[in-house]
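Basis for what follows: all heavy atoms, side chains included, without hydrogens, waters or symmetry-related copies. A note on names: the letters A, B, ... follow the listed sequences, proteins ahead of strands, and every chain is numbered from 1.
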Amino acid sequence: MNKSKKLEIQTKNGNLRNATFTIHEESHTLANTVRYVLAHDDDVNFVGYSVPHPSEFKVNVRVQTQQQKSSIERFDQALESLCLVTNSIQDEFKNKLEKFKEEKGIQKEEVDPFVISLKRQLRKEYKKMKAIID
Amino acid sequence: MSINVGKEKISQVLDGEILEFDPNNFSENFSIEIEKLTKDRMEFVMRGIEAPLANAFRRILLSDIPTIAIETVSIKNNTSVIQDEVLAHRLGLIPINVDPKHFKYRPKQPLQQQDKNNRQEISNASEENTLLFNLHVRCLKKTDWEKIKKSRELLAQKQEKTKEMNLEKEDEEEEKEKKLKIEIEIGSESEDEEEESEIDERAKECVEKMLTQRAKTLINHRVLSSDLVWVPIGNQQTTFPKGIKPVLPDILIAKLNEGQEIDVECEAVKGTGREHAKWCPVCTASYRMLPSIKLKKELTKKVSKKLVKTCPMKVFDIEDGLLEITNSRKCTMCRECLRGDFGVELGLVKNQFYFWIESTGIIAPEELFQQALEIFKEKCLSLKNNLQNFTKKKNSNENEEEMNFD
């Protein structure tokens, strides 16, 4: 079976300063993020993306760079930055989640066990009533 | 010649400052605060991130995280009022409580593999990629059911018992209902105080009125998601010793009348929300930007009191004679405060997002977010690999204009 194409690059006369990347099996999720990162890149003159048709699952990303920089290299750098950023988000989220769970754990111990058992009984009775109604 | 698009035009501006994106200093400005975490719902605030990234995570939560849902329904008998396709659609939407990490995607069936001589399709289904469920429910009158029960008991005394699943269920339900009724009766008799017995009688009357005619005379007139029975294939019994059930037991699938039956075999498969919403692991995942409210001019006491009144969400309050913004989080951007001449400036903080993730119960919400981050990273890395392969190829073929590759 043939693997489907993931990436096509179109340039004029092989000049890598300006290129259009056609990425298959991708949508706004990745394309808008890459565009955002490249827009803050000083070496990039122009960046934009489009979804040629909503029924086709692909995006076109256009990158035009300054002077002698390669657009492929800039694109690569953008993806690298995104990975770094995602790593720091992951770390931050893990830390905050652990902290939150610790605090929550302490709160749980303070609750009266009698109250918990009462709540359980009430829940059971409610379920019974529901079953009768059915 | 270089063309420079001014940064003000492409970046978001916050308080007159341009929001920069610096991947190396990202963690300095970035913070998360988890506000609420239950087993179904998580609410948290992300600061220092901008809309493209936040939206990417939201989109991945909706469409790219895999779950398991019923895909193929083989209908052996359906004499209910619900049409076959509607029943199959409803079964697909039931969330199944199983971790999709244990499963692989089932490969799509290419037509060439079908054996035309045999007429039977060679399926790609295996224990690695499919879950089997059985649903067999028959609705009977209670009196008829008792007769059937008696005759069955007689038979069973003579032969070996081969219990059908539906009869077992009907039996259990029958017993449950009987127990409940006995409990109510006992409850009313054993009360000593007059008040309590009165309340119980009243409750009994209410319940009797609420019981519909059907519920009194029929068994199994409602087909619930708890009636779905998992059939383990291959190793699945050892991988899932506790069994596999839908997330909630009381999802109504269909209603039956006397004599109607549903006998159906379902195959559940791994998939993503992109293909069909039944595979979506979240009820919804959404975010909003936090509001920024500013007072531009000093107001007299009278006017400030008026402002406090106009806000329906009680964002403003007068403390120590001064007008203050106390509950800016509650602001719903209704713009009532802009109608009068209060000098209020209303806006959205472009780099603070209040995220909430409501899970369907299959995967915990905190895990969902972590999976979304992981999937995003995978996308970036796989695209990076493709790019690197491209540059390698380019170095070997320098004369081609357009280059395609796998």
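Within the 4.5 angstrom heavy-atom criterion, no atom of B/R58 approaches chain A. Proximity to chain B (any heavy atom under 4.5 Å) is restricted, for A/E26, to the side chain, taken from C-beta onward. Interface remark: B/E28 contributes no atoms to any contact with chain A (heavy atom separation under 4.5 Å). There is no contact between B/S63 and chain A, counting heavy-atom distances below 4.5 Å. Residue contact with chain A, scored on non-hydrogen atoms closer than 4.5 Å, involves the side chain of B/D250 exclusively. For A/T22, no part lies under 4.5 angstrom from a heavy atom of chain B. Interface remark: B/F21 contributes backbone and side-chain atoms alike to the contact with chain A (heavy atom separation under 4.5 Å). Heavy atoms of A/F57 lying under 4.5 Å from chain B belong exclusively to its side chain. With a 4.5 Å cut-off on non-hydrogen atoms, A/H28 touches chain B through its backbone and its side chain both. Heavy atoms closer than 4.5 Å to chain B are found in the side chain of A/F100, but not in its backbone.
When A/D76, A/V37, A/L16, A/N32 are compared by the number of non-hydrogen pairs under 4.5 Å with chain B, A/D76 comes out ahead. When each of A/N15, A/L84, A/N87 is scored by its heavy-atom pairs under 4.5 Å with chain B, the top score falls to A/N87. Among the candidates B/E374, B/Q388, B/M46, the residue making the largest number of heavy-atom pairs closer than 4.5 Å to chain A is B/E374.
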Query raised in the report: Given B/R59 and B/D64, is the salt bridge (charged side-chain N to carboxylate O under 4.0 Å, His left out) satisfied, shown in steps?
Result: CA-CA 8 Å; B/R59 294 186 104 233; B/D64 286 318; over 6 Å; no
Requested in this report: Start with the C-alpha gap between B/E43 and B/R41, add the side-chain angles, then the distance that decides, and say whether salt bridge (charged side-chain N to carboxylate O under 4.0 Å, His left out) holds.
Outcome: CA-CA 7 Å; B/E43 291 175 25; B/R41 192 184 163 107; 2.7 Å; yes
Requested in this report: Starting from the C-alpha separation in whole Å, work towards a yes-or-no answer on side-chain contact (heavy atoms from CB on, under 4.5 Å) for A/R74 and A/Q77.
Outcome: CA-CA 5 Å; A/R74 292 287 94 205; A/Q77 185 62 43; 4.3 Å; yes
Requested in this report: Tell me, with the steps shown, if A/E25 and A/K58 meet side-chain contact (heavy atoms from CB on, under 4.5 Å).
Outcome: CA-CA 6 Å; A/E25 309 290 308; A/K58 65 177 182 180; over 6 Å; no
Report task. Please test A/T11 against A/R17 for side-chain hydrogen bond (donor to acceptor under 3.5 Å, both in side chains), starting from the C-alpha separation and ending with a verdict. Result -> CA-CA 8 Å; A/T11 58; A/R17 267 186 65 191; over 6 Å; no
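Side-chain contact between B/F376 and A/L30 is present, with at least one heavy-atom pair separated by less than 4.5 Å.
For an aromatic pair to be called close, the ring centres must be under 6.0 Å apart, and B/Y287 with B/Y354 fails this.
Taking a cutoff of 4.0 Å between a charged side-chain nitrogen and a carboxylate oxygen, A/K96 and A/E92 qualify as a salt bridge.
In terms of heavy-atom proximity, B/I34 sits nearest to B/F44 at CA-CB, 3.7 Å.
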